[in-house]
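Comments concern the structure below.
Small disclaimer: the values here were computed from a predicted structure and weren't measured. When a ligand or atom number is given, it counts from 1 through the structure's own listing order.
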Amino acid sequence: MTLLITGGEVVGPTGRFAADVLVDGETISALLAPGTGPAQPDKTLDATGKLVIPGGIDVHTHMKLPFGGTFASDDFDTGTRAAAFGGTTTIVDFAVQRTGEVVQDGLAAWHALADGNAHIDYGFHMIIGGVDDDALKAMDQLVADEGVTSFKLFMAYPGVFYSDDGKVLRAMQTARENGATIMMHAENGIAIDVLVAQALAKGQTDPVYHGITRPSILEGEATHRAIALAQVARDTPLYFVHLSASEALAEVAAARDAGRNVFAETCPQYLYLTLEDQLGAPGFEGAKWVASPPLRPRDEPHRDDLWRGLRTNDLAIVSTDHCPFCMKDQKELGLGDFSKIPNGIGTVEHRVDLVYQGVAEGKLSVERWVETIATTPARMFGLYPRKGVIAPGSDADIVLYDPHGQTTISAATHHMNLDYSAWEGVRIAGKVDTVISRGEVIVDRDGGYHGRKGRGRYLKRGLSSYLR
Ligand code: DUC
Ligand code: ZN
Ligand code: ZN
């Protein structure tokens, strides 16, 4: 089966250029001068006026994450189908080991959730919630045998996922030996828990206090501490997830300027939304935007700094931290006590569009958009060049994007299993036109869906391309 994509503008690591793309089966076989492709391919797609980009790669999702007595509302079926509609053709989800659990059991549980259910290809990181001798040995085994080459640690959530500094250091030392990347949730959870208890004692129970009790300086402090610990662990590769604060970005930038193996991502919610406008919405509505780290104050420089960080590569990637909880029966668990609101926002369907809106507003170049949503995620997490680039030999994961289209986000039209949208009414000056996964058109120009549950494959990942 050959597919010829004609007339489009391909965007890749070397820039933007007019080319036709020839797909043979599941992979890209050639990039051709426009009009020079085979006369009779099995199928042709006209991409005139469209950008032809590698399928989006979201390296931070939480399908079915257990949290606060409930589970994230998207599973691998609903969540990866929604991702496909939004132009994302690969996710890397977080398998979970909690204190006292066997790491390999957590990984097996995640395979059981995904196997036969995913619509697009997927890999796993592993959350290590209980660092001990067995967990450290398991990290070696996952890197060597399972294609899991990155491990998330939490400096937040004492009693749930939290690792103290000694545990963080031991996991970093292990990663330094086996080549893995440590992914860090950097917030000072011990101090935050004190502030939370004090707020609740004063009767401050509304969702906005979730943000007020997690000040940005405590993300900056934890970021600094993690960088110091990684230095002690002989410069372990360290990747900060969901970076939200100027103070944290400054720490990352300083470490990178000093030549350290430090990287970071941010998420759309931190680029656009604020503590006052969303988390501070009247009544309980702010619960829709309770996530950790929290949305930051409107009048502080965080959002501008994050966009700048994306331009300068101090922020390498935009992922979503997709962790949806419905208002009904889930977010409602925290009525009258913000600390019981399950933490998370659902965005897996909208990331490609939301970062493109930065292009439309002149904040990012088209090339940088593609790097931050597809190419760098693939390189950072051992999927390149199979994913993240339009090149001969790569998987034919391709999105045709219409830079002249319009998208309006709404819970009425989204595909996530979520009874509200954190992005209700947001308009994007662009549109996902056609989505191809391993050579198969899974979303067509009219929004028709041709994918199916179970077609997505597990990806064994290699080590980061950014390290020797
Ligand atoms: N942050 C969230 O908002 N949800 C799940 C885990 C996390 O770190
Ligand atoms: Zn986190
Ligand atoms: Zn997360």
Considering the heavy atoms of [X], write down every atom of ligand 1 situated less than 4.0 Å from one of them.
{"X": "Gly344", "answer": "3 (O)"}
{"X": "Leu65", "answer": "5 (C)"}
{"X": "His242", "answer": "8 (O)"}
{"X": "Phe154", "answer": "8 (O)"}
{"X": "Ala291", "answer": "3 (O)"}

Return the closest protein heavy atom for atom 1 (N) of ligand 1 as residue, atom name and distance.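 Answer for atom 1 (N) of ligand 1: Ser292 O, 2.9 Å.
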
Whether Val241 has an N, O or S atom under 2.8 Å from the Zn ion (ligand 2):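 Given the 2.8 Å cut-off, Val241 does not count as a ligand of the Zn ion (ligand 2).
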
The Zn ion (ligand 3) - closest N/O/S atom in His62: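 Checking each N, O and S atom of His62, the shortest distance to the Zn ion (ligand 3) belongs to NE2.
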
Heavy-atom pairs closer than 4.0 Å: do any link ligand 1 to the side chain of [X], the backbone, both, or neither?
{"X": "Lys152", "value": "side chain"}
{"X": "Asp321", "value": "side chain"}
{"X": "Val241", "value": "neither"}
{"X": "Cys323", "value": "side chain"}

Are side-chain heavy atoms of Phe263 and Phe240 found at a separation under 4.5 Å?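 Sidechains of Phe240 and Phe263: no contact.
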
So does Cys323 have any N/O/S atom less than 2.8 Å away from the Zn ion (ligand 3)?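 Not a single backbone or side-chain N, O or S atom of Cys323 is under 2.8 Å from the Zn ion (ligand 3).
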
His242 near the Zn ion (ligand 3): N/O/S under 2.8 Å: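 No - counting backbone and side chain alike, His242 has no N, O or S atom under 2.8 Å.
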
Measure from NZ or CZ of [X] to the centre of the six-membered ring of [Y] and say whether it is under 6.0 Å with the direction within 45° of the ring axis.
{"X": "Lys331", "Y": "Phe325", "answer": "no"}
{"X": "Arg427", "Y": "Tyr356", "answer": "no"}
{"X": "Arg461", "Y": "Phe381", "answer": "no"}
{"X": "Arg303", "Y": "Tyr272", "answer": "no"}

What do you get for the angle at the Zn ion (ligand 2) between ND1 on His185 and NZ on Lys152, to the nearest 10 degrees?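 About 130° at the Zn ion (ligand 2).
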
Between ligand 1 and Phe161, can you find any atom pair, the residue atom being a heavy atom, that is separated by under 4.0 Å?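 In this structure, Phe161 fails to qualify as a contact of ligand 1 - no heavy atom is under 4.0 Å.
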
Taking a cutoff of less than 4.0 Å between a non-hydrogen atom of the residue and any ligand atom, is His60 in contact with ligand 1?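 Checking ligand 1 against His60, which is what was asked, there is no heavy-atom contact under 4.0 Å.
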
So, for His414 and Phe85, is the gap between ring centers shorter than 6.0 Å?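 No: the rings miss the under 6.0 Å criterion.
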
If you apply the rule side-chain contact (heavy atoms from CB on, under 4.5 Å), what do you find for Arg225 with Asp165, and how did you get there? CA-CA 8 Å; Arg225 190 156 31 102; Asp165 291 354; 2.7 Å; yes

Salt bridge or not between Lys387 and Asp121? Use side-chain N to carboxylate O under 4.0 Å.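 Salt bridge: yes.
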
